[in-house]
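For reference, the structure discussed in these notes is given below.
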Amino acid sequence: MKRIAIIGAGPTGIYTFYSLLNHRTPLCITVYEQAEKAGVGMPYSDEDNSRLMLANIASIEIPPIFSTYIDWLRTQDDAHLARYGVEKSTLHVRQFLPRILLGEYFRDQFVQLVEEAKKAGFEVEVRESCQVTDVEATPEGVNLWAEGEPTPKQFDLAVIATGHVWPDEEAASRSFFPSPWSGLMEARIPACDVGIMGTSLSGLDAAMAVAVQHGTFIESEDEQIQFRLDEGSEALKIVLMSRSGILPEADFYCPIPYEPLTIATEAAIDAAIEQGSEGLLDRIFDLIVAELLHADPQWSKAVALETLTADTIREAWFADREKQGPFRWAVSNLDEVERNKRDKRTVPWRYTILRLHEAVEKIVPHLTEEDRERFKVGLARIFIDNYAAIPSQSIRRLLALREAGVISILTLGADYELALKEDRTVIHVEGEAWYFDVFIDARGQQPLKTKDLPFPVLRHQLESAGEDIPDVGDDYTLLAPDYLRGKIAFGALPYLMHDRPFVQGLVVCAEIGEAMAKAAVQPASRVRRWLRFTPD
């Protein structure tokens with residue numbers, strides 16, 4: 001049997017394992033997981049999340065393994081679900097639930113996966129609390145070093161599915177957290193001035209993790225939420241901040257699975273790419289405009305879509321939010337999306353942009369350097385804002401904190417200075433200084449390069465071949481140097497973000513896992529061209 005190593009037992013590793021099982025060819029599989037429990041994944045572990053943190057994906061969107069998420073939930077004990085504020089009688093496929101609960105689902109599916117693989121003749125070893133320290137590709141296979149093993153083990157294929165990468169907890173201090181997942185969940189935050197960089201869901205989650213140490217969210221049957229601050233915690237003041245000071249939309253109703261696009265089809269986008277890099281972004285923007293005009297002529301007229309360009313559409317997209325201010329706009333947006341959910345009404349322009357982001361992403365490696373920058377600051381910001389819509393419950397909690405006088409939003413603009421001091425952080429904005437006793441960087445995952453790899457030998461092998469960014473094929477196997485080909489499947493998301501800026505989410509994890517599983521039975525077929533794409 002072929003020997004396969006899966007490094008990382010989060011969603012990408014799980015979906016890879018599941019796809020290998022579906023090929024029905026018995027394999028010898030070793031799963032390495034540095035956490036105590038394999039099959040959970042950092043975004044959903046109880047060590048890195050509080051019960052208030054919601055997954056922004058519902059059962060209807062999660063690729064099932066042995067059972068759908070909703071079916072699994074319905075088999076759980078009522079009392080267990082109640083611990084997370086979930087009532088079994090109210091469960092539905094579009095519901096956003098605590099991340100920790102989703103982690104339990106993945107853990108359960110992983111355990112079942114191991115059992116089913118063994119029944120099917122697979123040899124399976126799961127190494128929990130075991131960190132892989134190095135990986136080396138050789139002409140004969142892959143050498144893998146792990147903690148507690150004096151000599152390397154050899155495999156025919158190594159699958160790197162290490163997921164998100166955050167700064168170690170050692171990089172945090174009592175006054176600064178380089179990410180919400182760098183010790184914040186275990187830290188005791190005093191009632192003080194707290195600054196949070198980022199106004200997306202990660203920033204809101206960080207705010208909730210701090211707020212619940214000093215008060216309680218009280219939820220009524222009509223979904224209204226209040227925040228009651230504890231006596232003695234009156235000094236707590238949380239400031240969310242970003243360049244724009246804009247809040248994300250609440251998640252909106254739309255058909256799932258997605259309906260096909262009418263004009264910006266795969267064939268049309270491929271044809272635009274074939275015309276060459278020069279002018280590609282503008283040709284694609286013409287297709288986007290045509291698709292939006294077809295889908296929602298009324299909205300297109302309201303924003304004067306036909307007068308906009310790939311450079312000016314961002315201003316039009318966020319104009320209403322900037323005019324109303326973040327909290328007033330959040331109230332109106334929440335009311336609108338909840339009304340649409342009750343009526344099962346789809347807003348055509350929102351749904352069109354949602355479907356377009358996946359279709360348009362494939363142009364990114366083909367853009368000129370100038371157009372890459374235009375895309376990054378324009379259309380990419382629109383697409384990210386659209387698909388990163390957040391659970392309504394998160395918006396309600398944010399508004400409750402606002403009503404309690406606990407939270408505010410600071411617009412930084414393009415020109416600001418951040419100074420990290422030993423006991424505080426100072427932000428200078430337009431001649432004014434803001435001082436924070438505790439500061440949390442919640443801007444999310446940044447793209448990583450070869451130099452960031454935690455495996456010294458593999459890092460040296462790639463850098464020696466001039467691979468500043470790992471180059472992979474359709475099955476995600478590394479393509480250079482030549483002797484690496486077909487031996488290491490590289491599905492670590494932060495390293496894939498350079499030419500796939502939207503490569504996050506469970507659907508993508510499943511797609512990557514299925515592609516990497518093919519590497520066990522057939523060689524890579526296509527070379528990808530990587531791009532230095534770095535979101536703000």
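Numbers here simply count residues along the sequence, with the first being 1.
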- request: Dump the intermediate steps for side-chain contact (heavy atoms from CB on, under 4.5 Å) on S392 and L334, then the final yes or no.
  value: CA-CA 7 Å; S392 294; L334 181 62; 3.6 Å; yes
Within the structure provided, determine whether [X] and [Y] are in side-chain contact (heavy-atom separation under 4.5 Å).
X: V142; Y: I488; value: yes
X: Q461; Y: E467; value: no
X: R397; Y: F227; value: no
X: V210; Y: V438; value: no
X: R3; Y: Q154; value: no
X: E514; Y: E511; value: no
X: I4; Y: T16; value: no
X: L240; Y: L398; value: yes

query: Who passes ring pair (Phe, Tyr, Trp, His ring centres under 6.0 Å) against H80, sequence neighbours left out?
result: Y84
- request: Start with the C-alpha gap between R350 and N386, add the side-chain angles, then the distance that decides, and say whether side-chain contact (heavy atoms from CB on, under 4.5 Å) holds.
  value: CA-CA 7 Å; R350 282 198 185 103; N386 177 261; 4.3 Å; yes
- prompt: Aromatic rings F106 and Y15: how do their planes relate, parallel, tilted or perpendicular, breaks at 30° and 60°?
  reply: perpendicular
field: Plane angle bin for F383 and H357 - parallel if under 30°, tilted between 30 and 60°, otherwise perpendicular
entry: tilted
Using only atom types and a distance under 3.5 Å, with no angle test, would you say the side chain of [X] pairs donor to acceptor with the backbone of [Y]?
X: Q445; Y: V165; value: yes
X: D134; Y: W145; value: no
X: E33; Y: A35; value: yes
X: H92; Y: R94; value: yes
X: S67; Y: D71; value: no
X: H164; Y: A492; value: no
X: Y351; Y: P255; value: yes
X: Y495; Y: D452; value: yes
X: D385; Y: E249; value: no
X: R459; Y: L453; value: yes

task: Could you check L102 against L506 for side-chain contact (heavy atoms from CB on, under 4.5 Å), going step by step and ending with a plain yes or no?
output: CA-CA 11 Å; L102 182 52; L506 293 177; 4.0 Å; yes
- prompt: Does E186 CD have over 12 foreign heavy atoms under 6.0 Å away?
  reply: yes
CZ (R74) with more than 12 external heavy atoms under 6.0 Å: yes
Output the distance between atom [atom1] ([X]) and atom [atom2] ([Y]), rounded to the nearest 0.5 Å.
X: L484; Y: F490; atom1: CG; atom2: CZ; value: 11.0 Å
X: S394; Y: L247; atom1: OG; atom2: CG; value: 11.5 Å
X: I196; Y: I238; atom1: CD1; atom2: CD1; value: 5.5 Å
X: E338; Y: D251; atom1: CD; atom2: CG; value: 9.0 Å
X: F217; Y: L401; atom1: CZ; atom2: CG; value: 4.0 Å
X: S59; Y: I256; atom1: OG; atom2: CD1; value: 10.5 Å

Tell me the closest heavy-atom pair linking [X] and [Y], and the distance in Å.
X: A187; Y: Q213; value: O-NE2, 3.0 Å
X: A9; Y: V31; value: CB-CG1, 3.7 Å
X: K487; Y: G141; value: CD-O, 3.7 Å
X: S182; Y: W166; value: OG-CB, 4.4 Å
X: A55; Y: P391; value: O-CG, 4.0 Å
X: L354; Y: C254; value: CD2-SG, 3.9 Å

Results of salt bridge (charged side-chain N to carboxylate O under 4.0 Å, His left out) for E266 - residues two or more places apart only: K362
Between [X] and [Y], does at least one N-O distance fall below 4.0 Å, as a salt bridge requires?
X: K518; Y: D475; answer: no
X: R107; Y: E128; answer: yes
X: R500; Y: E361; answer: yes

message: Ring centroids only, cut at 6.0 angstrom: are F66 and Y18 within range, meaning strictly under it?
response: yes
- prompt: Can E104 and Q76 be counted as having a side-chain donor-acceptor contact under 3.5 angstrom?
  reply: no
query: Going through the checks in order, is the side-chain contact (heavy atoms from CB on, under 4.5 Å) test met by K344 and Y253?
result: CA-CA 7 Å; K344 295 185 177 180; Y253 180 86; 3.8 Å; yes
